[in-house]
Q: 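Here's a structure for you.
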Protein chains: 2
Amino acid sequence: MDLPARSAAKGERAASQTLRAQLMLRSLIIGGKLRPGERVSELQMVDRLGVSRTPVRAALIHLEHENLVEALPTGGYAVKELAEPEILVSIEIRGTLEGLAARMAAERGAAPQLIAAAREALDLIDAVVEPVARPVNLEHYVNYNARFHDLIVEMAGSDTLARQIERASVLPFASPSALVLLEPDSVETYQALLMSQLQHRTVLAAVELRQGTRAEAMMREHARTAHSNLQRALAAGRKLAELAVVELGGR
Amino acid sequence: MDLPARSAAKGERAASQTLRAQLMLRSLIIGGKLRPGERVSELQMVDRLGVSRTPVRAALIHLEHENLVEALPTGGYAVKELAEPEILVSIEIRGTLEGLAARMAAERGAAPQLIAAAREALDLIDAVVEPVARPVNLEHYVNYNARFHDLIVEMAGSDTLARQIERASVLPFASPSALVLLEPDSVETYQALLMSQLQHRTVLAAVELRQGTRAEAMMREHARTAHSNLQRALAAGRKLAELAVVELGGR
DNA sequence: TTTGTCCTAAGTGTATACATAATAGGGACG
DNA sequence: CGTCCCTATTATGTATACACTTAGGACAAA
């Protein structure tokens, strides 16, 4: 993002203008630089992003499908307002689909190397949340957590399902890599992480034992952790825009 | 769709070129005019659809999110190959999400007028599948069936969920409005319709009684009807492309 | 002061031109 | 006769020009 365009010409693959516009717009919206409800003027984005209207338009169509903007009836797009109920629904959708993935993984049987990789990710999380390691390195936690979730989805073996889950995880608070933190170093936060990890272990065990229903139920419950975290934060009077969100995302 | 373009100038809203391109491309793909795996050349589509490249490109981005085409690594798009396992997964996803909708409707409580409308739709289906009415008017059945499914989704009261379900229903065989018929007028088909209608009644009753888990489970099972119909058809040696599909879709 | 109308400016939808990358086909050489 | 390379063509990605619609404001009249 802060890379000048020419640096792409050398070492790495030059990202298309469309992709760059999409990523930049996404971070503008999630970062709150573009307010909810605000119209996203194409020409303004041309000035702001340094690409022409065509890639901006393409990016807007993509973002529309990601639920980050919505088409106005008169034409053009506006930043979608993320009302609390819709965010909770998004979390529920993600949990439901990840639950489906876990069940499919259990019923079909997951590839041994995927199981091993998942166990490895969980071991790494264990090291992060080990009591002697406090304060917890949240970046690491989020990172390994994302890896585990990705692996579960991969075990299901369906691109269609993977893409649908990815789509449901785009919303800032709906992603499994998003942690809503009341107080980053509190005992409550620590215990929440421990509980999440316990759920991870249970899901993986259920998948290995071919217990589809159990895997599904536990994965759903796991998603509801994010659900209740967010609800508690909101009940504590925080507004959505002010919430501290740690997000990395290994994708 | 069969309306000439100029009629739009008078009574109804003139459809945008982008939307027209999207609909035409979709029917070309679903209708098999464009073969799976075939590249969708933009210039050829300009000739074929009578719109310029810009709306064709926009339509292709939309169709990519609908899983009907996929982006080629070299650039451009190709018609997505619909392998059997992925279709079954799509049905499972739709069933899972519709199940979530039914549960949410039950737990939140659905608006009385929506309940009444749903019951009305089911009464209309009853009339269609009444024994004296044989042979069954499948167009009517599909129509009222789609209305019922839409109403259940509406009862959940979430635009996000509605859009996600709509997206999952785009694939030709995954829609609730799609009936895979081994033999259109056979006794088996008739009994399958009766069973579906029984499931409809059960779902609606569960929603009214606020029985969320029951509503969800029954809705899932209902979707698996399509699942097993398709599997039986494939087991009978039919190829996907040859299957007779009746699809109307009230949307 | 308020309301209605007209005018200006901005914005989107669409078409098209241009540049670059991929591809297919043919010809030459081994 | 087969294989490899070069070239011509085609396709996409991007930028931009044009037309039409919509929104907003100012001015005049009640």
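Proteins get letters first, then strands, A, B, ... in listed order; numbering begins at 1 in each.
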Q: Taking K80(A) as the fixed residue, which of E64(A), E70(A), E86(A) is the one that meets the side chain to side chain contact (heavy atoms under 4.5 Å, CB included) rule?
A: E70(A)

Q: How many Å lie between CZ on R53(B) and C1' on dG13(C), as a whole number?
A: 16 Å

Q: If the plane angle is over 60° it's perpendicular, under 30° parallel, otherwise tilted; pick one for H200(B) and H222(B).
A: perpendicular

Q: For the pair E92(B) and R220(B), find out whether any cationic side-chain nitrogen is under 4.0 Å from an anionic carboxylate oxygen.
A: no

Q: May I ask you to check whether Q22(B) and E66(B) show a side-chain donor-acceptor distance below 3.5 Å?
A: yes

Q: Does OP1 or OP2 of dG13(C) have a side-chain N or O of T54(B) closer than 4.0 Å?
A: no

Q: Check step by step if side-chain contact (heavy atoms from CB on, under 4.5 Å) holds for L34(B) and R48(B).
A: CA-CA 12 Å; L34(B) 294 172; R48(B) 200 156 174 178; 3.8 Å; yes

Q: Send over the distance from L60(B) CG to dA11(D) P, rounded to a whole Å.
A: 14 Å

Q: Tell me: CZ of R57(B) to P of dG13(C), nearest whole Å?
A: 16 Å

Q: Rounded to the Å, how far apart are Q17(A) CD and dT12(D) P?
A: 19 Å

Q: Looking at R103(B) and E98(B), does any basic side-chain N land under 4.0 Å from a carboxylate oxygen?
A: no

Q: Between R147(A) and E120(A), does any side-chain N to carboxylate O distance fall below 4.0 Å?
A: no

Q: Could you check whether R57(B) pairs with E42(B) (Lys NZ or Arg NE/NH1/NH2 to Asp/Glu carboxylate O, under 4.0 Å)?
A: yes

Q: Got a sec? Which of residues 33-44 of chain A come in under 4.0 Å of DNA chain D, heavy atoms?
A: none

Q: Listed in order of residue number, which residues of residues 65-76 of chain B have a non-hydrogen atom at under 4.0 Å from DNA chain D?
A: G75(B), G76(B)

Q: Whole angstroms only, please: what is the CD-P distance between Q22(B) and dG13(C)?
A: 13 Å

